[in-house]
Number of protein chains: 2
Amino acid sequence: MSNQEGTRKLPSHLSVTGQDTADDSSTCEHIGRMLARISDKWTILVVRTLGRGPQRFNALRREVGEISQKMLSSTLRDLEENGFVTRTVMPVIPPQVEYALTDLGRDFLRPVYGLADWVIANSSRIDAARAFYAKKHENE
Amino acid sequence: MSNQEGTRKLPSHLSVTGQDTADDSSTCEHIGRMLARISDKWTILVVRTLGRGPQRFNALRREVGEISQKMLSSTLRDLEENGFVTRTVMPVIPPQVEYALTDLGRDFLRPVYGLADWVIANSSRIDAARAFYAKKHENE
DNA sequence: CAGTATCCTTTCCGATACTG
DNA sequence: CAGTATCGGAAAGGATACTG
């Protein structure tokens, strides 16, 4: 079941999910389960922020933005469970807990940056599209 | 730009936009709003599926997988509102409605494939990490 | 400081029924 | 075929209080 790709076969610039791939429903559901675990807003933002370096809890919270302590702690717990971050408790008083990306988490940084950069670069296009859509449907 | 913790080495993963640390407060929230609109599981899967070509509603539904008609229609409406897809109604009986990516949607395909490909390529690593985490915390 | 526990409101989402 | 409308349970998520 565990089909770790031992041979580094990086296909091409085109995606392995392209049209030539047999993409049956089980594959799709598998992708769906994985995506459900990692493709939410807070996960992306937290990973992206941790990409700038290890952070302690409250510093991380300030840097991420408007995240509640509940969401940050649960997001970090999920990230730790999925092997993306490590949680290191320093035995001092007051306690310090440092979060850092693992190798897997740093690898994940690549698609995360890809997504975040795209959003930053194209947010004005989205805003324009939304304004256009709103104007077109304002009489409904 | 200045890091208050001295000369910590920032991992300069190349950002397409060249954004490093200039997004502390408002930009981060802006990214968050955008991410909240497009980074959910169904949006990613639907865009990825539409990347293989225009599709009608039920064909799309079968191809995406276990998505309800409610979620598919609302996801498609959001995608249309954000300017990622067009909705074309063919005036025939029975009605046919074709969904296709816009230019913006096709651009979005690149980070979406990046994310989906990464998930496919690394799901076994995530599974392994989860198993390890579960074993480590089984006595709790 | 770094959380957990609890309450409570909001939102999500599936199921079902109905429409052009 | 391609949806919308409505209901109800489940889950997400914020606010507050409390703990080592």
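For the numbers below, each heavy atom of this structure counts, side chains included, while hydrogens, waters and symmetry mates do not. All chains are named by letter (A, B, ...) in the order of the sequence lines, taking the proteins before the strands, and each is independently numbered beginning at 1.
Summary of the strand contacts: Lys70(A) and Gln96(B) both lie near DNA chain D, and taking for each the nucleotide with the nearest heavy atom, the more 5' one is attributed to Gln96(B). Both Ser74(A) and Pro94(A) lie close to DNA chain C; mapped to their nearest nucleotides by heavy-atom distance, the more 5′-ward contact belongs to Pro94(A).
Candidate nucleotides dG13(D), dA2(C), dT4(C) were compared by shortest atom distance to the side chain of Arg77(A), and dT4(C) ranks first. Checking dA2(C), dG3(D), dG20(C) against every side-chain atom of Val97(A), the shortest atom distance belongs to dA2(C). In the set dT16(C), dA17(D), dC1(C), dC1(C) carries the atom at the smallest distance from any side-chain atom of Arg56(A). Of the listed nucleotides (dG20(C), dG3(D), dG14(C)), dG3(D) has the atom at the smallest distance from the side chain of Tyr99(B). The listed nucleotides are dG14(D), dG3(D), dG3(C); the one nearest the side chain of Ser73(B) is dG3(D). Nearest to the side chain of Asn58(A), among dA2(D), dG3(C), dC1(C), sits dC1(C).
Remark: P of dG3(D) and CD of Glu98(B) are 12 Å apart, rounded to the nearest angstrom. One interatomic measurement links the two molecules: CG of Leu76(B) to P of dT4(D), which rounds to 10 Å at whole-angstrom precision. For Ile67(A) and dG14(D), the CD1 to P distance is 8 Å, given to the nearest whole Å. If you take CG of Leu72(A) and C1' of dA2(C), they are 10 Å apart, rounded to a whole angstrom. Rounding to whole angstrom units, CD of residue Glu80(B) and P of dT4(D) are separated by 10 Å. Rounded to whole angstrom, the span from the NZ atom of Lys41(B) across to the P atom of dA12(D) amounts to 12 Å. Whole-Å rounding puts the Met71(B) CE to dA10(D) C1' distance at 14 Å. One can place CH2 of Trp42(A) at 15 Å from P of dT11(C), the figure rounded to the nearest angstrom.
The shortest distance between the side-chain N/O atoms of Arg61(A) and the OP1/OP2 oxygens of dA2(C) is not below 4.0 Å. Between Arg87(B) and the phosphate of dA2(D), there is no side-chain N or O to OP1/OP2 separation shorter than 4.0 Å.
Pairing for dC8(C) is with dG13(D), a Watson-Crick or G-U wobble pair whose two hydrogen-bonding atom distances lie under 3.5 Å. Of all nucleotides present, only dC1(C) satisfies the Watson-Crick or G-U wobble test against dG20(D), with each distance under 3.5 Å.
Note that OG1 of Thr86(B) is 8.0 Å distant from CG of Leu101(B), once rounded to the nearest 0.5 Å.
If you chain together hydrophobic residues whose side chains sit under 4.5 Å apart, Val89(B) and Phe84(B) fall into the same group. Tyr133(B) and Leu79(A) are assigned to two separate hydrophobic clusters, defined by single-linkage of ILVMFWY side chains at heavy-atom distances under 4.5 Å.
With hydrogens and angles left out, the side-chain atoms of Glu98(B) and Gln55(B) include no donor and acceptor closer than 3.5 Å.
Shortest non-hydrogen contact noted between Asn82(B) and Ala129(A) is O-CB, 3.5 Å.
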